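Read the structure below first, then the notes.
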There are 2 protein chains.
Amino acid sequence: MLTPERHRVILQMIKEKPHVKLQEFVDATGASESTIRRDLTQLEEKKFLKRVHGGAERLQRKLLEPSMAEKSSKNLHEKVMIAKYAASLVEEGDSIYLDAGSTVREMIQFLPEKDIVVVTNGLMHIQLLLEKGIECYLIGGYVKQKTNAIIGRGAIESLEQYRFDKCFLGVNGVHHHYGYTTPDQEEAMVKQKALSLAAEAFILADSSKFSEVSFAKIAGLDAATILTNQLDEELHIQYNSKTDIKVVTS
Amino acid sequence: MLTPERHRVILQMIKEKPHVKLQEFVDATGASESTIRRDLTQLEEKKFLKRVHGGAERLQRKLLEPSMAEKSSKNLHEKVMIAKYAASLVEEGDSIYLDAGSTVREMIQFLPEKDIVVVTNGLMHIQLLLEKGIECYLIGGYVKQKTNAIIGRGAIESLEQYRFDKCFLGVNGVHHHYGYTTPDQEEAMVKQKALSLAAEAFILADSSKFSEVSFAKIAGLDAATILTNQLDEELHIQYNSKTDIKVVTS
DNA sequence: TCAAAAATCAATCACTTTCATTCAAAACCA
DNA sequence: TGGTTTTGAATGAAAGTGATTGATTTTTGA
């Protein structure tokens, strides 16, 4: 088995399961322990995984990470619904900020094509935006390998060049007491900054995000309007007392 | 079996299976190991596949990668030669600036993987850099659709956050009187700025760029060292009186 | 809590495979 | 025929592999 092929197998396994034992790699590839060790060392150097005693683990440790399958299909429909509504809020002449992330990404296909300016920290959005012929600006800064997002001190400084009519953010947790949270401190700071530069801010959060708390706080609930697709009567009232909330139903 | 036919067979095999061992090609074509190696080398140069130890693998088109309008392979070979030498100038611990553009892009594969920091305005470089595990920063600014480069006032401001040990630029024209030139005024300004922030600057210019003049001036010849692959005796003397020049021969 | 036992690790070595280079024979072309 | 290109074999160099060793870490159990 060729080296890159083994690497691919290893990465695939680590993608499916956050912790994999060395022996499992050996069984899956047929290579020797030594070889797998070498592979893991290389892959760690390239920041694709983290070696731990006994094997390797996935690098991105998002608290409450939904499984890949879950992310793709059912959740996707929710995301699209929310994204479509969010996009409808954008008017010609607006300058908007689009956060990195999959939910926000779904907005792009629904954006008006004429006369809007988009600023983003998400490299993954650029291609789509350009294809639609939308004028777009990237903020500068460190490129985070795992998410292809731009973060860091430079990103925050870079953001300060801009002001936004509207700002659209994805988050990992929405909590009535702890506000909006996300697993990465640096990303949280970028979101925070973007939020502070916008006249109106919107949080795109599907139903799975509610009552969740992740590591780093972005802001209190009142700093933005929540867009979601489904919410218990009870929760709705609870959150609505703190901030605006729009439940998209179709 | 004729060369083009072998190439077809090889490409077909790599199309069906992402990893193919050298021996499999030998069996499939009846040619010798040597011949297959030569074929693979050629096909790699034309960017149809990637050689790996023991065989070859399919290369998947990267996000934001320049379109497949590949230049003639001779021109490409020149670029690779120059790029390889340029990359050898980068030492561990350096922080470098990589300009957007195809020649500079070829440098990435030859860069040392350890302990360097890369700043760039070329979106097309990011994926490759990340894959190699290189720490990279993007400057902020307007995303130019045609070239996937970041330009504009924001780019220049964004650049000012950084200082470089070395700076590598591509240009369209090198002229003994008009210096380094490029067709886009905005890009020229970004290059100019990057150049001014670097302790050492290098221009990567294949032979076709000499004595050419494009629209926007970046700097005079003496502002950077020229790296090229071929130059008449006469021209060499002429340019060498103005700046350092390195002719890469292998 | 501590120390023995077990598991895992990094480092190294010998071995195998693969590689680039060279060169002469073969094929091709005019 | 003479000259060029392509080919395959031979060479030593380079890279990858798997086993072994002793060190390190984790687990076990008293």
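All values reported here derive from a predicted model rather than from experimental measurement. Within every chain, numbering begins at 1; the chains are lettered A, B, ... in the order of the sequence lines, protein sequences first and strands thereafter.
In terms of phosphate contacts, B/Arg38 brings no side-chain nitrogen or oxygen within less than 4.0 Å of OP1 or OP2 of C/dT22. Contact annotation: B/Ser34 side-chain N/O to D/dG8 OP1/OP2 distance is not under 4.0 Å. Between A/Thr3 and D/dA15, a side-chain N or O to OP1/OP2 separation shorter than 4.0 Å is absent. Residue B/Thr35 has a polar side-chain atom (N or O) positioned under 4.0 Å from OP1 or OP2 of D/dG8. OP1 and OP2 of C/dT8 both lie 4.0 Å or more from every side-chain N or O belonging to A/Arg51.
Side chain to side chain, B/Thr41 and B/Arg51 meet the donor-acceptor criterion of an N or O pair below 3.5 Å. With hydrogens and angles left out, the side-chain atoms of A/Ser102 and A/Lys79 include a donor and acceptor closer than 3.5 Å.
A tilted orientation is assigned to the rings of B/Tyr97 and B/Phe164, their planes being inclined by 30° to 60°.
Between B/Leu2 and A/Val52, the residue anchored closer to the 5' end of DNA chain C is A/Val52, taking for each the nucleotide with the nearest heavy atom.
Rounded to a whole Å, the CZ atom of A/Arg37 is 16 Å from the P atom of D/dT24. Rounding to whole angstrom units, NZ of residue B/Lys21 and P of D/dA15 are separated by 21 Å. B/His7 places its NE2 atom 13 Å from the C1' atom of D/dT7, with the value rounded to the nearest Å. Here D/dG18 presents its C1' atom at 17 Å from CE of A/Met1, a figure rounded to the nearest Å. The interatomic distance linking A/Phe25 (CZ) with D/dT17 (C1') rounds to 19 Å, in whole Å. For the pair A/Gln23 CD and D/dT26 C1', the computed distance is 17 Å after rounding to whole Å. To the nearest angstrom, P of D/dA9 lies 10 Å from CD of B/Glu33. Across the protein-nucleic acid pair, A/Glu5 atom CD and D/dG16 atom P stand 16 Å apart, rounded to whole Å.
Residue A/Thr41 is out of contact with every strand shown, counting any heavy-atom pair closer than 4.0 Å.
Among B/Thr182, B/Asp99, B/Asp184, the one residue that satisfies the side-chain hydrogen bond (donor to acceptor under 3.5 Å, both in side chains) test with B/Lys191 is B/Asp99.
Ring-centre distance between B/Phe110 and B/Tyr85: not below the 6.0 Å cut-off.
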